[in-house]
Amino acid sequence: MLIRAKAPLRLGLAGGGTDVSPYSDTYGGAILNATINKFAYATLIPLTTPQVIFKCFDIDKSIVFDNVNYFANENDDFRLIKGIHNRIKSEFNIETPLYYQLETFVDAPPGSGLGSSSTLVVAIVAAFAEWLGLPLGEYDIAHLAYSIEREDLALSGGKQDQYAATFGGFNFMEFHADRVVVNPLRIKEEYIHELEFSLIQYYTGTSRLSSKIIDAQVKNVHNNSAKSIEAMHSLKALAFNMKEALLRGKLDEIGELLHESWISKKKMADEISNPVVDEIYDTAIKNGAIGGKISGAGGGGYMMFYVRNSSLYPLINKLNQFGGQVERVNFYSQGAISWKTKYI
């Protein structure tokens, strides 16, 4: 038998950045996000030979370890996987060696802004939980994935990606120093279908190192930068407004709120935008987009735009001239899942 798991990537619709400490610890954060039809996949094959094998097919990297029990914390392509291995063994007091082959693939490249790294961690943790019979619920998996990334490996970032990937669907999330509350939203199907039709994603073709952008954001909060903190307050308020608009089907307001979010987001740190991103955004607005924003921390990766029918296809043609990739949005309602199979 082997074990498979998959977890969905997410679009951050409003409030992004307010889930990052110290802002969330001091003021409380709020985010509205939704998972989409892109995934992180993990296949775990137990081995009888004393080996651990990692195969990351999306980045075309693989490595074999012999007779390993714990891994050193090294900054390499397999750092996340090593961190998960170490934490699973220590957290659940597993004294015997674990021998296995782990194969992974993510539908979006690193630095895409769709939460790919954290979603992969969730998928791998879910695979280990399935294999070892670990008593982990949804909140447990999300918190463990967060703790591995942010505490064990000291990687900069927030909390929304792990919870979005674990729970799936449209969620309004509240972040505090001592707890996270996930509120699933019951949105009418017709609103979701119309939102899918009106949203487009544009992949700029460039990735970014989100940690540097997040570090700048954190520094601004530590330094009590009034501009940055006020921007985060605004982003949090917009998350509440976005939730209200979605639940009531006021979809055109979503485009306007996305635009307000983008204006506020750029005030959080200078590294969030750049001349290329600004040119793409301005071109979209001039050609029919009501609003939009960059996904994730910023600086590159995916952008999204809300546009009404008459301007949709002309805008797609206009964005194609920048050399990136335009994609339609398809939402996905389920969170991380894992299962055993005999099919190799």
Side-chain angles (χ1 to χ4, degrees), residues 5-21 23-24 28-40 108 113-123 125-126 136-146 149-150 157-176 178-196 199 201 232 235-251 253-254 257-258 261 265 293 295-297 302 304 306 329-337:
K6 72 173 184 178
L9 306 183
R10 61 97 188 103
L11 280 183
L13 296 173
T18 67
D19 60 322
V20 178
S21 183
Y23 179 86
S24 59
I31 282 183
L32 176 61
N33 57 36
T35 47
I36 58 176
N37 196 31
K38 290 179 182 289
F39 303 92
L114 302 180
S116 56
S117 296
S118 298
T119 303
L120 179 59
V121 174
V122 167
V125 168
L136 296 175
E138 291 172 324
Y139 276 99
D140 300 317
I141 290 176
H143 178 73
L144 181 57
Y146 166 82
E149 285 191 85
R150 308 295 176 240
K159 297 179 180 178
Q160 71 154 319
D161 296 346
Q162 297 87 353
Y163 286 84
T166 303
F167 283 84
F170 283 80
N171 291 292
F172 184 78
M173 301 181 180
E174 299 171 85
F175 302 93
H176 304 277
D178 59 345
R179 70 192 186 281
V180 176
V181 181
V182 178
N183 304 285
L185 301 183
R186 297 181 62 183
I187 301 170
K188 289 184 177 180
E189 286 292 325
E190 63 195 79
Y191 299 162
I192 294 176
H193 293 316
E194 185 62 23
L195 185 59
E196 284 182 329
L199 278 177
Q201 292 185 102
M232 290 191 211
L235 285 168
K236 183 168 66 173
L238 287 167
F240 284 90
N241 295 340
M242 182 77 78
K243 179 182 70 169
E244 182 75 8
L246 261 178
L247 291 173
R248 300 183 66 179
K250 297 183 176 181
L251 299 186
E253 287 186 15
I254 290 173
L257 292 169
L258 285 173
S261 293
K265 187 176 181 68
K293 63 187 286 290
S295 294
Y302 276 90
M304 66 173 140
Y306 184 92
V329 172
N330 292 286
F331 294 110
Y332 184 78
S333 62
Q334 194 169 1
I337 58 171

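All of these numbers come straight from a predicted model, not from anything done at the bench. Side-chain atoms are counted along with the backbone in the values below, which use heavy atoms only and exclude waters and symmetry mates.
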(request) Would you give the length of the straight line joining atom CE of Met304 to atom CG of Leu258, rounded to the nearest 0.5 angstrom? (result) 5.5 Å
(request) Report the distance from atom OG of Ser21 to atom CZ of Arg150, rounding to the nearest 0.5 Å. (result) 11.0 Å
(request) May I ask you to decide if Gly168's main-chain N or O and Asn171's side chain share a donor-acceptor pair within less than 3.5 Å? (result) yes
(request) Give a yes or no on whether the backbone of Leu114 and the side-chain of Ser295 come within a donor-acceptor separation of less than 3.5 Å. (result) no
(request) State whether Phe39 and Lys6 meet the cation-pi test: NZ (Lys) or CZ (Arg) under 6.0 Å from the six-membered ring centroid, and within 45° of the perpendicular axis. (result) yes
(message) Restricting to salt bridge (Lys or Arg N to Asp or Glu O under 4.0 Å), what partner residues turn up for Lys243, sequence neighbours left out?
(response) none
(message) Determine whether a donor-acceptor pair (N or O, by modelled atom type, separation under 3.5 Å) exists between the side chain of Ser118 and the backbone of Gly115.
(response) no
(request) Please test Asn330 against Ile36 for side chain to side chain contact (heavy atoms under 4.5 Å, CB included), starting from the C-alpha separation and ending with a verdict. (result) CA-CA 6 Å; Asn330 292 286; Ile36 58 176; over 6 Å; no
(request) Go through the structure and list residues passing ring pair (Phe, Tyr, Trp, His ring centres under 6.0 Å) with Phe170, not counting sequence neighbours. (result) Phe331
Using atom types as modelled, flag every donor-acceptor pair under 3.5 Å from a side chain in residues 179-190 to any protein atom, sequence neighbours excluded.
from	atom 1	to	atom 2	distance (Å)
Asn183	ND2	Phe172	O	3.0
Asn183	ND2	Glu174	OE2	3.0

(request) Report the residues that fulfil ring pair (Phe, Tyr, Trp, His ring centres under 6.0 Å) with Tyr302, sequence neighbours left out, ordered by chain and then residue number. (result) Tyr203
(request) Test side chain to side chain contact (heavy atoms under 4.5 Å, CB included) on Ser24 and His176 and set out the steps. (result) CA-CA 6 Å; Ser24 59; His176 304 277; over 6 Å; no
(request) Give a yes or no answer on whether the side chain of Ser333 reaches the backbone of Gly169 with a donor-acceptor pair at less than 3.5 Å. (result) no
(request) Rounded to the nearest 0.5 Å, what's the gap from CG on Leu9 to OH on Tyr332? Could you check? (result) 11.5 Å
(request) I would like to know whether Lys236 and Tyr23 meet side chain to side chain contact (heavy atoms under 4.5 Å, CB included); could you show each step before the answer? (result) CA-CA 11 Å; Lys236 183 168 66 173; Tyr23 179 86; 3.7 Å; yes
(message) Within the 3.5 Å criterion, strictly below it, is a donor on Asn33 or Gln160 matched to an acceptor on the partner's side chain?
(response) yes
(message) Could you work out, with ring pair (Phe, Tyr, Trp, His ring centres under 6.0 Å) as the rule, every residue matching Phe167, not counting sequence neighbours?
(response) Tyr139
(request) Check salt bridge (Lys or Arg N to Asp or Glu O under 4.0 Å) between Glu196 and all other residues, then give those that pass, not counting sequence neighbours. (result) none
(message) Quick one: does any side-chain atom of Lys293 pair with a main-chain N or O of Gly12 as donor and acceptor, under 3.5 Å?
(response) yes
(request) Check step by step if side chain to side chain contact (heavy atoms under 4.5 Å, CB included) holds for Tyr163 and Val122. (result) CA-CA 9 Å; Tyr163 286 84; Val122 167; over 6 Å; no
(message) Using only atom types and a distance under 3.5 Å, with no angle test, would you say the side chain of Asp19 pairs donor to acceptor with the backbone of Lys159?
(response) yes
